[in-house]
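Each remark here refers to the structure printed beneath this line.
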Amino acid sequence: MIARLAGMASRLTRDKADTLLLLLAAVMVLAPHFGHLPLWTSATVCLTLCWRGAITLRGSRLPPMWLLLPVSLLAMGGVYLTFRTLLGREPGVTMLALLLTFKLLEMHARRDLFVVIFLSFFLLLTNFFYSQSILTALVMIATIIVLLSAQITFQFTGTVPPLAARLKLAARVFLIAAPLGVLLFVGFPRIQGPLWGLPGDAGGKSGMSDTMSPGSMTSLALSEEVAFRARFDGAAPPQEQLYWRGPVLSNYDGRAWSRIGRPLHPVAQLRLARQLAWKGPSYPYEVTLEPGRRQFLFMLELSEPGPSVDGGNPAYTAELEQLVGASSDKRLRYTSVAHPKYIAQPGLEPETLERWLQLPQGFNPRTLRYAAQIQALRAERGDDAAIAAVLDMFRKGFEYTLEPGRLGRDEIDEFLFDTRKGFCEHYSGSFVYVMRAAGLPARVVNGYQGGERNPVDGYYTVRQSDAHAWSEVWLGPQRGWTRIDPTAAVAPERIRSSLAQALPREAPFGLQGLAELARDQYSWLAQMRFSFSAMNNAWNQWILDYNPNRQQDFFKALAAAFGNWRLLAGLALCAGLVLWMKYRRTERARDPVDAAYLAFCRQLARHGVDKAPDEGPLDLAQRVRQLKLPREKIAAMTGFLELYGALKYGAPAAQREHQPVARLNSLLKQSR
């Protein structure tokens, strides 16, 4: 098949071959956009490209303007009807894709060819609006090389080199320009914000919400999308202590939990910070939060107030949430210090605690009767006994599942006494409800639990599937807010390992062995996954997230490094070695006849004879005979010049002489 295609390509005329190469480049530019373009646009683009290819192969005439103009206007009208505007990222990219394909049908002059190429380069950049991964970058590099090959092809006026030679030349051009691109990327002043994006167009990704209802966590649990990555400066806490705190849900309306927290005044934040006491070890860490329309910083519980955030000023709420002030649709990096053992807000006043005791009226009568029993137990044996009784109930007969079924109006009653099947939001929500009904202030905390450590780079990857909900109970002025995770009573393996271990998912038929191999952290498949994840993380950290702060840190480190004379000496030595090797390679590649002649001219310069640029060897010999030198030296010099002229310009006498280059070097030595 390949041989047949190669044979067909060799029989094409130059115009057809060049046009097909340009069509190939256009296809490589347009293909990545098919995933987000409207279906009718992708179909129009494909049909237009096929039409242009058929015209090229058959040698038919291009369609007239009276046909192209109405088709183009109809396409622009379709864009407007689809997006209700012609401005913005989506309609703009759609129009560019259509205009590029229509321009391929309207190439009547050499200028039109370059318009298509430059329009292709412009449309190529828009791919980064949708994906900035390493794979996307590699595909774009390959597309650039093909586009450059098409551009180079149109420059030839005579014989055109083979396609492989043109692709090689285009790759060399790209490599020559790459260092300048790297220099501009590193040194050009950065702007705050994403590397690629348009105002108002960077749509947020799905993620943690500030409300919770039965089933809200299930969709996140099925997603393998990365929420954030974390790196510890030293040892990391145990897996069961990796609770990444997010929104705190204090209000319940009978169906859903929602948050009520508001950013505190800086003075109130200082007052709140004094209500936190740390115990045990501390864990400094750094988090890189993936883009998404969220305002929460997910902090390891419990972190010190006021984390250091790149490009943002975080705020604290009374519920111990960390906010960045506004929704963020760019990657965020922040650092903090966590203390898994802590005492939080032990001195709250009774009137302040009332907000965490409120329950809606007219819901869940069976749960309220059960809570009355727990309240009596609490009065008799204390808070810990009441909590232990509820957790003990969860351990007996309850099931941890992603498919709990639908619940009715009294959802907590149905969950606790009928279905007894639920996910983390069912257990945390019902536990908080029982605690409030029993007189204990309680609230729900949403966030993430756990994370997978990558042994290649040491980063913890926290995915949306690690989304979790737990509870907090206020246990008096000595203990303050205390984390209670009811899910740990039902599925302790969820906390000790991961959701995949607590809820093993069935692989498709025939792939069960491969799925088991992927779960084994020491298998070759897992090692490949870790390596790719580490490479992708490095790409995110140093390329996509190269922000002004990182640029300043880089230049500071560079200035400090260049202040070291040893480094400067090493760089100078390396530069000298490179130049010397280049000189030696040039000398070896030089024609030995020309090398001997250059050495002879340097000798003449020492005698005051400077060769003129237009002076030949015979004219130079006349000037040599006028030098006041010994006769044998003059004879050797003139003999050298006569032999050089014969070798350089192909006299028959020189061609008959045995080993002429050796004779030339001998005369050079005699003339010194």
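Just so you know, residue 1 is the first one in the sequence shown, and it goes up from there. Keep in mind that the numbers below use all heavy atoms, side chains included, and drop hydrogens, waters and symmetry copies.
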Which heavy atom of T94 sits nearest a heavy atom of P38, and at what distance? OG1-CD, 3.9 Å
Kindly indicate, with the supporting measurements, whether the criterion side-chain hydrogen bond (donor to acceptor under 3.5 Å, both in side chains) is fulfilled by Y448 and Q464. CA-CA 8 Å; Y448 298 88; Q464 298 294 352; 2.7 Å; yes
Taking the side chain as every heavy atom from C-beta outward, state whether L22 and L113 have any pair of such atoms under 4.5 Å apart. yes
How far apart are the closest heavy atoms of A97 and L123, and which atoms are they? CA-CD2, 4.0 Å
Can you confirm whether the side chains of H33 and T126 place a donor and an acceptor under 3.5 Å from each other? yes
Do the non-hydrogen side-chain atoms of W51 and P63 ever get within less than 4.5 Å of each other? yes
Are side-chain heavy atoms of L30 and T101 found at a separation under 4.5 Å? yes
Steps toward side chain to side chain contact (heavy atoms under 4.5 Å, CB included) verdict (L21, R166): CA-CA 11 Å; L21 179 61; R166 284 174 279 159; 3.9 Å; yes
Is the side chain of W244 donor-acceptor paired with the backbone N or O of G450 at a distance under 3.5 Å, no angle test? yes
Residues that E403 engages under salt bridge (Lys or Arg N to Asp or Glu O under 4.0 Å), provided they are two or more places apart: none
Distance col, row L119:CG vs D112:CG, nearest 0.5 angstrom, shows 12.0 Å
Shortest non-hydrogen contact from N127 toward P32: OD1-CB, 3.2 Å
What's the verdict on side chain to side chain contact (heavy atoms under 4.5 Å, CB included) for F102 and T44, showing C-alpha distance, side-chain angles and the deciding distance? CA-CA 10 Å; F102 292 154; T44 303; 4.3 Å; yes
List in chain and number order the residues that pass ring-ring contact (aromatic ring centres under 6.0 Å, His included) with Y460, two or more places apart in sequence or in another chain; answer none if no residue qualifies. F232
Would H36 and V93 count as a side chain to side chain contact (heavy atoms under 4.5 Å, CB included) here? Give the steps. CA-CA 10 Å; H36 52 81; V93 172; 4.2 Å; yes
The reported gap from CG in L124 to CG in L96 (rounded to nearest 0.5 angstrom) is 12.0 Å
Check for a donor-acceptor pair, side chain of D466 on one end and backbone N or O of V462 on the other, with a separation under 3.5 Å. no
Side-chain donor/acceptor of T41 to backbone N/O of L37, under 3.5 Å: no
From CZ (R89) to CZ (F129), nearest 0.5 Å: 7.5 Å
What side chain to side chain donor-acceptor pair (under 3.5 Å) pairs are there with at least one residue in residues 134-151, not counting sequence neighbours? S131-T136, S133-T136
Could you report the tightest heavy-atom contact between D253 and A256, atom names first, then the distance? OD1-N, 2.8 Å
Looking at CZ of R52 and SG of C50, how far apart are the two atoms once the value is rounded to the nearest 0.5 Å? 13.0 Å
Side chain to side chain, L98 and M76, heavy atoms closer than 4.5 Å: yes
Is any side-chain heavy atom of M212 closer than 4.5 Å to a side-chain heavy atom of N446? yes
Closest non-hydrogen atom pair between F296 and L289, with its separation: O-CD2, 3.7 Å
Any side-chain heavy atom of L297 within less than 4.5 Å of one from P307? yes
If you measure from CE on M107 to CG on L62, what distance do you get to the nearest 0.5 Å? 7.0 Å
If you count every heavy atom of other residues, nucleotides or ligands that lies below 6.0 Å from R255 atom CZ, does the total exceed 12? yes
Side chain to side chain contact (heavy atoms under 4.5 Å, CB included) between L20 and L23, worked out: CA-CA 5 Å; L20 290 178; L23 283 177; 4.1 Å; yes
Between atom OG1 of T153 and atom CG of L163, what is the distance when rounded to the nearest 0.5 Å? 7.0 Å
Using salt bridge (Lys or Arg N to Asp or Glu O under 4.0 Å) as the criterion, list what pairs up with D210, not counting sequence neighbours. none
Partner residues of T19 under the side chain to side chain donor-acceptor pair (under 3.5 Å) criterion, sequence neighbours left out: none
Contacts of E321 meeting salt bridge (Lys or Arg N to Asp or Glu O under 4.0 Å) (sequence neighbours excluded), chain-then-number -> R259
Is it the case that more than 12 heavy atoms not belonging to F156 sit under 6.0 Å from its CZ atom? yes
Side chains of S533 and R229 in contact at under 4.5 Å (non-hydrogen atoms): yes
Could you tell me if the side chain of F228 sits less than 4.5 Å from the side chain of T288, heavy atoms only? no
Between K16 and L57, is there a donor-acceptor pair closer than 3.5 Å when you use the side chain of the first and the backbone of the second? yes
To check you understand the geometry: which heavy-atom pair defines the closest contact between I117 and A150, and what is its length? CD1-C, 4.2 Å
Assess whether salt bridge (Lys or Arg N to Asp or Glu O under 4.0 Å) is satisfied between R463 and E225, documenting all intermediate values. CA-CA 6 Å; R463 306 182 184 276; E225 181 183 351; over 6 Å; no
Is it the case that over 12 heavy atoms from other parts of the model lie below 6.0 angstrom from the CZ atom of F114? yes
